[in-house]
*Asks:* 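Got a structure for you, written out below as structure tokens; questions coming shortly.
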Amino acid sequence: MSEADQIRSNIAKVRSRMADACERSGRDPGSVRLLLATKTVEPERIRIAIEAGETLVAENRVQEVRPKFEVLSDLNYERHFIGHLQSNKVNALVPYVSCLQTLDRLSLARKLQNRLEREGEQLEVLIQVNTSGEETKAGLDPDEVEPFIRTISSFDALKIRGLMTIGLNADPETARPSLASLREIADRIREQNLEGVYMDELSMGMTGDLEVAIEEGSTIVRVGSAIFGSRPAA
Ligand SMILES: *Cc1c(COP(=O)(O)O)cnc(C)c1O
């Protein structure tokens, strides 16, 4: 099989896993988007996936964002950022993405608000939550999320669209409670009806646990290795 055929076949398999999970949980297949997690993937391989009909792509490293954007600038697709963002990289990232999925601290929110306000722009953001309680994982603790969102809800350049988490890296059933807790946090915040806060997106689920994530309410699954193969060790 050619490399292009392999990527197209992998996408079809992931799409079928997503459809089965939607079917099992009684969800509309149109309510879950597939995001291609493309860290370390060469732009020509990303191109194959976009030309096959995929429309949502995200990087983890700021230095990969612009070069890939330039090579793929003839294509129409949506770009998010899913890596840890250092405050001094804000200006290098903001022009190239429509959504930052990893907002996790006030200093970064301030930096973003200042830059966007100056340019008269807005950015969609998801708040990253550490639902698994692992020390090494980024994100706010669950009980910090609501106060944080209250604080930044007045930052009018940031459109707070929902929450993002990286589930427990274990077998999917073990990850289920942490994924379910993201939805519970979002439900609680939605009930507060905070101005400018939407809570309509839950970004959770990766190659290993996308079915469980969909069953627990994910609206964006972020998939890398099931489509592009395993990555070189970091
Ligand atoms: C790499 C990455 C993914 C995709 O992981 P796979 O297991 O390869 O599907 C999803 N989310 C984030 C934040 C990532 O860094």
Side-chain angles (χ1 to χ4, degrees), residues 14-15 17-19 21-37 54-58 76-83 85 94 97-106 108-109 112-113 116 121-131 138-167 175-206 209-223:
V14 168
R15 289 258 170 218
R17 288 174 60 189
M18 292 171 64
C22 285
E23 168 89 44
R24 265 199 311 279
S25 49
R27 295 191 55 194
D28 170 7
S31 67
V32 190
R33 286 194 292 165
L34 172 59
L35 175 150
L36 309 178
E54 295 306 323
T55 58
L56 181 55
V57 174
N76 188 16
Y77 63 102
E78 189 177 336
R79 289 176 304 276
H80 289 192
F81 191 75
I82 57 173
L85 180 59
V94 163
V97 297
S98 62
C99 180
L100 170 70
Q101 294 202 359
T102 52
L103 182 57
D104 62 353
R105 59 197 191 279
L106 189 55
L108 179 60
L112 288 163
Q113 166 69 20
L116 293 159
E121 290 166 357
Q122 280 198 319
L123 181 71
E124 301 198 338
V125 295
L126 306 183
I127 311 305
Q128 184 171 3
V129 185
N130 181 350
T131 52
L140 293 168
D141 287 342
D143 59 1
E144 296 172 331
V145 178
E146 190 184 320
F148 179 70
I149 288 180
R150 282 186 184 277
T151 304
I152 66 164
S153 64
S154 62
F155 291 19
D156 57 4
L158 302 180
K159 290 176 75 174
I160 305 165
R161 293 296 307 273
L163 307 178
M164 177 270 204
T165 198
I166 300 173
R176 187 185 291 276
S178 69
L179 299 172
S181 74
L182 194 73
R183 173 172 43 84
E184 287 156 13
I185 297 165
D187 287 347
R188 237 178 293 132
I189 292 169
R190 197 178 308 106
E191 283 165 14
Q192 318 277 319
N193 284 318
L194 300 172
E195 203 180 320
V197 178
Y198 300 92
M199 289 295 123
D200 50 3
E201 298 284 4
L202 287 180
S203 174
M204 58 184 189
M206 318 200 324
D209 60 3
L210 69 90
E211 284 91 350
V212 168
I214 289 172
E215 288 164 15
E216 296 301 336
S218 174
T219 65
I220 302 175
V221 292
R222 309 179 308 264
V223 179

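Quantities reported herein were computed from a predicted structural model and do not represent experimental measurements.
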*Asks:* Do Ile214 and Ser25 have side chains that approach each other closer than 4.5 Å (heavy atoms only, starting at C-beta)?
*Replies:* yes
*Asks:* Does CD in Glu23 sit with more than 12 non-hydrogen atoms of other residues, nucleotides or ligands closer than 6.0 Å?
*Replies:* no
*Asks:* With a 4.0 Å cut-off, would you call Glu184 and Arg188 a salt bridge?
*Replies:* no
*Asks:* Where do Arg17 and Glu211 come nearest, in terms of heavy atoms and distance?
*Replies:* NE-OE2, 2.7 Å
*Asks:* Rounded at 0.5 Å granularity, tell me how far CD1 in Ile160 sits from CG in Leu103.
*Replies:* 8.0 Å
*Asks:* With rounding to the nearest 0.5 Å, note down the distance linking CD in Glu201 to CD in Glu124.
*Replies:* 7.5 Å
*Asks:* Taking all atoms of both residues into account, what is the closest heavy-atom pair of Thr219 and Arg27, and its distance?
*Replies:* CG2-NH2, 4.3 Å
*Asks:* Where do Leu35 and Gln101 land on the side chain to side chain contact (heavy atoms under 4.5 Å, CB included) test, with the steps shown first?
*Replies:* CA-CA 12 Å; Leu35 175 150; Gln101 294 202 359; 3.5 Å; yes
*Asks:* Assess whether atom CG of Asp200 is packed by more than 12 heavy atoms of other residues, nucleotides or ligands within 6.0 Å.
*Replies:* yes
*Asks:* How far apart are the closest heavy atoms of Ser98 and His80, and which atoms are they?
*Replies:* OG-CD2, 3.7 Å
*Asks:* State, yes or no, whether a side-chain contact exists between Leu116 and Val94 at a heavy-atom distance under 4.5 Å.
*Replies:* yes
*Asks:* What are the two closest heavy atoms between Ala213 and Gly205, and how far apart are they?
*Replies:* CB-CA, 3.3 Å
*Asks:* Side-chain donor-acceptor pair under 3.5 Å between Gln113 and Asp156, yes or no?
*Replies:* yes
*Asks:* Could you walk me through whether Thr165 and Leu163 pass the side chain to side chain contact (heavy atoms under 4.5 Å, CB included) test, one step at a time?
*Replies:* CA-CA 7 Å; Thr165 198; Leu163 307 178; over 6 Å; no
*Asks:* Rounded to the nearest 0.5 Å, how far apart are CG of Leu56 and CZ of Arg222?
*Replies:* 11.0 Å
*Asks:* Run the side chain to side chain contact (heavy atoms under 4.5 Å, CB included) check on Phe155 and Leu106 step by step: do they pass?
*Replies:* CA-CA 11 Å; Phe155 291 19; Leu106 189 55; 4.1 Å; yes
*Asks:* Report the distance from atom CE of Met204 to atom CG of Leu182, rounding to the nearest 0.5 Å.
*Replies:* 5.5 Å
*Asks:* Identify the two heavy atoms, one from Leu158 and one from Leu112, that lie closest to each other, and give their separation to 0.1 Å.
*Replies:* CD2-CB, 4.0 Å
*Asks:* For the side-chain contact (heavy atoms from CB on, under 4.5 Å) test, which of Val14, Val32, Leu34 pairs with Leu210?
*Replies:* Val14
*Asks:* For the atom pair OG (Ser203) and CD1 (Ile127), what is the distance rounded to the nearest 0.5 Å?
*Replies:* 12.0 Å
*Asks:* Carefully, step by step, assess Glu54 and Arg15 under the rule salt bridge (charged side-chain N to carboxylate O under 4.0 Å, His left out).
*Replies:* CA-CA 11 Å; Glu54 295 306 323; Arg15 289 258 170 218; 2.8 Å; yes
*Asks:* Under the 3.5 angstrom rule, does the side chain of Asp28 hit a backbone N or O of Gly30 as a donor-acceptor pair?
*Replies:* yes
*Asks:* Should Glu216 and Leu202 be marked as a side chain to side chain contact (heavy atoms under 4.5 Å, CB included) after you check the CA-CA gap, both sets of side-chain angles, and the distance that decides it?
*Replies:* CA-CA 10 Å; Glu216 296 301 336; Leu202 287 180; over 6 Å; no
*Asks:* Can you tell me how far CG of Leu179 sits from CD1 of Ile166, rounded to the nearest 0.5 angstrom?
*Replies:* 11.5 Å
*Asks:* Scan side-chain atoms only and decide if Gln128 and Thr102 contain a donor-acceptor pair under the 3.5 Å cut-off.
*Replies:* no
*Asks:* Cation over ring, Arg79 on Phe81, under 6.0 Å and within 45°?
*Replies:* no
*Asks:* Looking at every non-hydrogen atom in both residues, tell me the closest pair between Ala58 and Ile82 and how far apart they are.
*Replies:* CB-CG2, 3.8 Å
*Asks:* Is the closest side-chain heavy-atom distance between Val97 and Leu123 below 4.5 Å?
*Replies:* yes
